[in-house]
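Here is how names work: the chains are called A, B, and so on, in the same order as the sequence lines, proteins then strands, and each is numbered from 1.
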Number of protein chains: 2
Amino acid sequence: MKTYSISEVAKELNLTTYTLRYYDKEGLLPFVERKANGTRIFNQSDIEALKIVECLKSTGMPIKEIKHFIDWCGEGDSTLQKRYDMFMERKACVEAQLEELKKTMEVIEHKCSYYKTALDAGTEDIHKNVHIAASLTK
Amino acid sequence: MKTYSISEVAKELNLTTYTLRYYDKEGLLPFVERKANGTRIFNQSDIEALKIVECLKSTGMPIKEIKHFIDWCGEGDSTLQKRYDMFMERKACVEAQLEELKKTMEVIEHKCSYYKTALDAGTEDIHKNVHIAASLTK
DNA sequence: TTAATCGTTATAGTTAACTCTAGGTCAAGT
DNA sequence: ACTTGACCTAGAGTTAACTATAACGATTAA
């Protein structure tokens, strides 16, 4: 089975070796094997697990909570409900984030067109006189 | 013209007075007026400006960069291009975030169904034997 | 008049997530 | 043999964005 060094994994996942060792220290990588001298040996499933860690992180989940999930995984079928509930909660959380981000996008797009108009006019004042301007072009 | 105290603004925007004073200290609220004794007086347009600050913050923009934008606003029409460019860049940034979040959502939803199946079966092993199971039901 | 409440500043403390340094081991190449 | 480079740990340092405290002033209700 193919194995990977810590720097290979770091490169693959766009992380640093510092970060990976930090994750390990925080208990996020209890499954990673070691050589006799202590060197970490990662395999493909370790990398897949790290991708889930990164996925949870990208939902805004703090590392301490991700550790709970990792712990549950090690406890077997008795924690299936907890893990299911966790992912359902993450789903709701991401849905809310998507909604928020869409609202943010609307504001940003409004600002883009605001500044486009101002830029074309050479002055922001164009927006102050918007009613007058509208009446003039009618 | 209606004015607002710092705690009223905090309540309205779901922030704390600490945060608002912190923003002020960081140069995000140079437009806020003061009473003779130093008390801040916010008006409606200050609140609107703060909503833009919050919008920029929700795109992941750091406070120091938001300050640049605030400074540009105070410098008038000579900075219109910079401000337009900034919002266009923010737009691209939010688009990228939306893409990322959609990918995250796919992974999370996959995990939800993974754990739903495991929960129904009472064991996670169901996924290890997925090929055998598939052949049995055929 | 005095106690509470709200405001102020300056400054210190907190938290999360890294990020780095020092000092060490070990295997490979010259 | 010795240098180079990748690995290790423990622990210190950094950064952003708050969050809290202390000490003070002004306003208001009892």
Side-chain angles (χ1 to χ4, degrees), chain A residues 2-43 46-47 50-70 90 93 97 100 104, chain B residues 2-43 46-47 50-70 90 93 97 100 104:
Chain A
K2 186 158 181 3
T3 62
Y4 305 84
S5 72
I6 193 167
S7 58
E8 286 170 332
V9 175
K11 196 173 182 185
E12 170 110 1
L13 299 180
N14 262 302
L15 298 168
T16 68
T17 56
Y18 297 140
T19 303
L20 285 171
R21 291 200 193 95
Y22 166 69
Y23 286 179
D24 199 1
K25 192 153 54 177
E26 293 299 308
L28 262 44
L29 315 176
F31 40 76
V32 173
E33 311 260 359
R34 303 277 190 136
K35 285 189 204 164
N37 66 13
T39 300
R40 275 167 273 248
I41 317 163
F42 294 78
N43 61 38
D46 296 341
I47 293 175
L50 265 163
K51 283 182 185 167
I52 297 301
V53 166
E54 290 304 290
C55 172
L56 289 172
K57 244 192 7 145
S58 75
T59 72
M61 196 176 201
I63 281 170
K64 279 182 185 169
E65 276 181 52
I66 299 176
K67 182 183 161 23
H68 292 153
F69 166 66
I70 299 290
R90 278 301 103 190
C93 175
Q97 285 179 43
E100 268 307 296
T104 295
Chain B
K2 184 156 181 5
T3 62
Y4 305 83
S5 72
I6 194 166
S7 57
E8 287 169 333
V9 175
K11 196 173 181 183
E12 170 108 3
L13 300 179
N14 262 302
L15 299 169
T16 67
T17 56
Y18 296 140
T19 303
L20 285 171
R21 291 200 191 96
Y22 166 69
Y23 285 178
D24 198 1
K25 191 154 54 175
E26 294 299 309
L28 262 43
L29 315 175
F31 41 75
V32 173
E33 311 261 359
R34 302 276 191 137
K35 285 189 204 162
N37 66 11
T39 300
R40 275 166 274 247
I41 317 164
F42 294 78
N43 60 37
D46 296 341
I47 292 175
L50 265 163
K51 282 181 186 169
I52 297 300
V53 166
E54 290 304 289
C55 172
L56 289 172
K57 243 190 10 141
S58 75
T59 72
M61 196 175 199
I63 280 170
K64 279 183 183 167
E65 275 181 52
I66 299 176
K67 182 182 161 25
H68 292 152
F69 167 66
I70 299 290
R90 277 300 103 190
C93 176
Q97 284 179 44
E100 268 306 295
T104 295

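A distance-only check finds no donor-acceptor pair linking the side chain of A/Glu26 to the backbone of A/Lys67 [under 3.5 Å].
Atom CD1 of B/Ile6 and atom C1' of D/dT27 are 17 Å apart (whole Å). Counting to the nearest Å, the P atom of D/dA17 and the CG atom of B/Asp24 are 16 Å from each other. A/Ile41 places its CD1 atom 12 Å from the C1' atom of D/dC7, with the value rounded to the nearest Å. Straight-line distance from the NZ atom of A/Lys67 to the C1' atom of C/dA17: 17 Å, rounded to whole Å. Between the OH atom of B/Tyr18 and the P atom of C/dT15 there is a distance of 15 Å, given to the nearest Å. Between A/Glu65 atom CD and C/dA17 atom P there is a gap of 10 Å when expressed in whole angstrom units. Taking atom CG of B/Asn14 as the reference point, atom P of D/dT19 lies 13 Å away to the nearest angstrom. When the P atom of C/dC18 is taken as reference, atom OH of A/Tyr23 falls 4 Å away, rounded to whole Å.
For the side chain to side chain contact (heavy atoms under 4.5 Å, CB included) criterion with B/Val9, the lone passing option out of B/Leu50, B/Asn43, B/Asp46, B/Thr3 is B/Leu50.
For D/dC7, one of the phosphate oxygens OP1 or OP2 lies less than 4.0 angstrom from a side-chain nitrogen or oxygen of A/Ser5. Checking the phosphate oxygens (OP1, OP2) of D/dC7, no side-chain nitrogen or oxygen of A/Thr17 falls inside 4.0 Å. In this structure, B/Thr19 does not reach the D/dA17 phosphate: none of its side-chain N or O atoms is under 4.0 Å from OP1 or OP2. Listed pair B/Thr16 / D/dC18 fails the phosphate criterion, with no side-chain N or O lying under 4.0 Å from OP1 or OP2. Contact between the side-chain N/O atoms of A/Arg34 and the OP1/OP2 oxygens of D/dT9 is found at a separation under 4.0 Å. Of the side-chain N and O atoms in B/Arg40, none sit less than 4.0 angstrom from OP1 or OP2 of C/dG7.
Under 3.5 Å, the side chain of B/Lys25 and the base of C/dT11 form at least one donor-acceptor pair of N or O atoms.
Comparing D/dC18, D/dC7, C/dG7 by their closest approach to the side chain of B/Ile63 singles out D/dC18. Here the side chain of A/Lys57 is nearest to one of C/dC6, C/dT8, C/dC18, namely C/dC18. Taking the side chain of A/Pro62 as heavy atoms from C-beta on, and the options C/dC20, C/dG7, C/dA17, the nearest nucleotide is C/dA17. When distances are taken from the side chain of B/Arg21 to each of C/dT8, C/dG7, D/dA20, the shortest belongs to C/dT8.
Between A/Tyr22 and A/Asn37, it is A/Tyr22 whose nearest contact on DNA chain C lies nearer the 5' terminus.
Between A/Leu15 and A/Glu54, the closest side-chain pair of non-hydrogen atoms falls below 4.5 Å.
Counting non-hydrogen atoms of other residues, nucleotides and ligands closer than 6.0 Å to CD of B/Glu33 gives a total of 12 or fewer.
Residue B/Tyr23 holds its OH atom at 11.0 Å from CD1 of B/Ile70, rounded to the nearest 0.5 Å.
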